[in-house]
Amino acid sequence: MFEPDTQPGRGLRAGTPSHEELDGTGTTIVWSTDADGEIRRPLPSWETFTGQPWEHYRGQGWLDAVHPDDRTDVLRLWRHGVSTRRVVEMGYRLRRRDGAYRQVTVHGAPMLDGDQLREWVGVCVDVTASREAAASLRDSEERFRFLDRLGQQTRVHNDANRVMEITARLLGEYLGATRCAYADVEPDGNRFTIRSDWSLQGVPSSAGVYSLDLFGSQATSRLRRGEPLVVHDVDAELGDEGGGRMFNAIGIKAIICAGLVKEGRLVAMMAVHQAVPRRWTGREVALVHDVVDRCWAHIERVRDSAMLREQDRRKDEFLATLAHELRNPLAPMKYAVAMMRLAPEPSAQARAQEVIDRQVSQMARLIDDLLDLSRINRGMIQLQRESVRLRTLLERAVEIARPAIETARHRLELQLPEEDLMLDADPARVIQIVGNLLNNAAKYTPDGGELRLAAWRAGMNAVLEVTDNGIGIPPEEQGKLFQMFTQLHHTSARAKGGLGIGLALVRTLVQMHGGSVRVASDGLDEGTRFTVELPLAAQPARQPQPGGATESAAGTRRVLVVEDNRDGLETLLALLDMLGYEVAGAGDGREALEQARRFRPDVVLLDLGLPIMDGFEVARALRQDPQHRHVFIAALTGWGAEADRRRTAEAGFDAHLTKPVELDALEEALARSAGTRTP
């Protein structure tokens, strides 16, 4: 309310509205009363604005249109002005004809005829819009000052948790809240993590990991769409299933929770809690949304910078680990060679050969993992799908992992499905997935541990589960387990080698099959469980062709080996000779063609990187010669990417063998050569 003017008889003040504004149809009312302050004649502009009929506002009936909380002061000020004959200026809330109360300012002046007061005239001006605009401007200025202060205090920090702490404290203090918290929404979209919060003294922290389901389905859906959750009174507005149980459990009666959605995914939330019911304003809700947006952007910049530093650190660690892992097999191989030289007896020779074979296989697996990593990063991996029996793949994966399991004296329990489950999958990749998980379990389980491989049907999916009772995984580290080059800190003293890329390959290969993989662990020394789901095949498996890969194709078949590495050539020739093949060798492309004319081979094992003529040129020359057009040609190379396999197939090769070639793979190719080409 304005106090009445103290100057008598001055009439209307400067700034009186124009004639156009006094027409009674807009925001201005023209009025008059008799000398005693009573309305004695109709006021069209009053009726237009308030909707009161003449019989209701005559005399002092106009007071009925004044807000009930303002009437006493308005009547007191008006009577004071009438009694003192002084200009009256005041403000109050006046009911408009639509029922809304509007802020008006009133100017009333006494009309004197000499000393005789004849009447009062004046105007009421609706100033609601201008006052709201001024208030909005003040709010905006205050909001920008707050956001600037927030930016000033957080921009110097490069620790994401510290940024969260400062933001929560400043926002909570600014709004006079009970508690304020910033939360990251986990990539799975189902959990959120409050790493730190601010609260009044004596109010417990809300830091922890929570499920979004605690908000209730309706509120969760709103947050995932980027719509804020605003509750003025938890008990009045929410039931137990709508989130009320959770809020009451942490002493909250009112809340603003603003979610931030980026690229269609809920990524962060800012929550403001009040311990008593509170009527939140739209400006307060908008401010919380602005703060979470700015906080997230700054935290992302901080994390990106930290990620680059972490990537550099992990790269250095990876290179050191790679050097270590590649050197490890070299030592026993050198020792084995020395044994073979010093102890020619058969038993010593056999032990040395076993050592070399195992270590070469280990190096080959490391190199294959690195190549797979490179192919994944370049999008080069392509699945060779077929309908295969799940049980067969699991048994083969167990055989691959058995050396690691037996070395550590683990007990492996198998729970394979009784029914004949079929996958539409790349057999080699599924074996790699399960083998990696089994090797991982063996590596991080103390010697003499318990491992379990189980599988079963779940609807249209096959579920595979690898469980161990090993060292476990802390909850805070489980989210980064599938990242490239990850070696968790708690495993550094208990691991048994590896490059830290096996689980990253598992996740990528599973996703390429349209499946999913997840990890669960109750914490340190509580064991770990990996669960993989893969789609089942819609069609039954193709029947296997008679004659497996182990079928002998020796006898009188002739094999020409073309290899420029002299040791590699001689050892492979000796191996084929032991298998019963008739063999010949060549060290370059030109010699290979000369040997082919003389030797008339049935099979050519052809290295690609040859001097004089490379393997592709040799293969083309053989195919153009009618004498060798139907010879079986297998590429023998260190290049094993899908693009390399396509290139050799397009060049007319019948098989692609990647060095170092496993004996099983070599025998399988030679067996296939017996029936694929006819002269």
Side-chain angles (χ1 to χ4, degrees), residues 146 161 163-261 265-293 295-296 299 475-476 478-479 520 522-523:
F146 170 75
N161 285 343
V163 174
M164 295 179 198
E165 291 172 5
I166 294 172
T167 301
R169 176 177 61 81
L170 291 179
L171 180 61
E173 291 175 345
Y174 180 78
L175 293 177
T178 303
R179 184 192 290 118
C180 186
Y182 175 92
D184 281 319
V185 179
E186 301 300 326
D188 63 12
N190 296 319
R191 295 178 300 168
F192 64 94
T193 302
I194 300 175
R195 291 178 171 81
S196 62
D197 62 2
W198 169 89
S199 59
L200 293 175
Q201 187 173 4
V203 176
S205 171
S206 61
V209 180
Y210 302 89
S211 169
L212 272 171
D213 294 336
L214 292 173
F215 284 109
S217 58
Q218 185 174 359
T220 299
S221 297
R222 289 174 58 86
L223 288 169
R224 284 183 171 141
R225 294 195 300 268
E227 301 173 14
L229 170 64
V230 181
V231 181
H232 309 286
D233 188 335
V234 165
D235 294 332
E237 298 173 41
L238 300 179
D240 283 350
E241 301 305 319
R245 182 186 298 113
M246 176 189 69
F247 293 132
N248 277 309
I250 57 176
I252 295 304
K253 296 297 184 181
I255 182 173
I256 299 174
C257 186
L260 186 65
V261 175
R265 187 177 74 83
L266 180 65
V267 296
M269 298 186 294
M270 179 68 76
V272 179
H273 298 161
Q274 202 74 37
V276 295
R278 172 170 174 172
R279 180 61 54 177
W280 304 103
T281 68
R283 292 186 181 92
E284 290 170 335
V285 175
L287 177 63
V288 175
H289 196 279
D290 284 344
V291 170
V292 70
D293 197 357
C295 183
W296 183 84
I299 287 172
E476 65 273 12
Q478 292 177 21
D522 292 333

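Throughout, numbering of the chain's residues begins at 1 and tracks the sequence.
Nearest heavy-atom pair across R278 and L175 is NH1-O, 2.8 Å. For D197 against C180, the heavy-atom pair with the smallest separation is CB-O, 3.3 Å. Of all heavy-atom pairs between P204 and S199, the closest is O-OG, 4.2 Å. Taking all atoms of both residues into account, the shortest heavy-atom contact from V288 to A258 is CG1-CB, 3.9 Å. Between I194 and A181, the shortest heavy-atom distance links the atoms CG2-CB, 3.8 Å.
Listed by chain and residue number, L266 satisfy the side-chain contact (heavy atoms from CB on, under 4.5 Å) test with V261 (two or more places apart in sequence, or in another chain). Listed by chain and residue number, nothing satisfies the side-chain hydrogen bond (donor to acceptor under 3.5 Å, both in side chains) test with D293 (two or more places apart in sequence, or in another chain). Qualifying side-chain hydrogen bond (donor to acceptor under 3.5 Å, both in side chains) partners for T178, counting only residues two or more places apart in sequence or in other chains: none. Applying the side-chain contact (heavy atoms from CB on, under 4.5 Å) criterion to S221, with sequence neighbours excluded, gives R225.
Rounding to the nearest 0.5 Å places CD1 of I256 at 12.0 Å from NE2 of H289. In this structure, NZ in K253 is found 12.0 Å from CD in E237, a value given to the nearest 0.5 Å. Note that the CH2 atom of W198 and the OG atom of S205 stand 12.5 Å from one another [nearest 0.5 Å]. For the atom pair CG of L238 and CG of L229, the computed distance is 7.0 Å after rounding to the nearest 0.5 Å. In this structure, S196 OG and E165 CD are separated by 4.0 Å, a value rounded to the nearest 0.5 Å.
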Does the side-chain contact (heavy atoms from CB on, under 4.5 Å) test come out yes or no for V209 and E186, once each step is laid out? CA-CA 10 Å; V209 180; E186 301 300 326; 5.6 Å; no
Take M270 and W296, measure what side-chain contact (heavy atoms from CB on, under 4.5 Å) needs, and give me the verdict at the end. CA-CA 10 Å; M270 179 68 76; W296 183 84; over 6 Å; no
Does the pair H273 and V203 meet the rule for a side-chain contact (heavy atoms from CB on, under 4.5 Å), with working shown? CA-CA 11 Å; H273 298 161; V203 176; over 6 Å; no
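Residue pairs that meet the salt bridge (charged side-chain N to carboxylate O under 4.0 Å, His left out) test with at least one member in residues 200-212, sequence neighbours left out, do not exist here. Among residue pairs with one or both ends in residues 166-187, those qualifying as ring-ring contact (aromatic ring centres under 6.0 Å, His included) are F146-Y174; sequence neighbours excluded.
Two residues are said to be in side-chain contact when any heavy atoms from C-beta on lie closer than 4.5 Å; E284 and V272 fail this criterion. Counting only heavy atoms from C-beta outward, the side chains of T167 and V292 never approach each other to under 4.5 Å. Annotation: side chain of C257 is in contact with side chain of L223 (closest heavy-atom distance under 4.5 Å).
Remark: the backbone N or O of A275 is not paired with any side-chain donor or acceptor of R179 at under 3.5 angstrom. Put simply, the side chain of W280 gets close to the backbone of V231: a donor and an acceptor are under 3.5 Å apart.
No donor-acceptor contact under 3.5 angstrom links the side chains of T193 and D184, judged on distance only.
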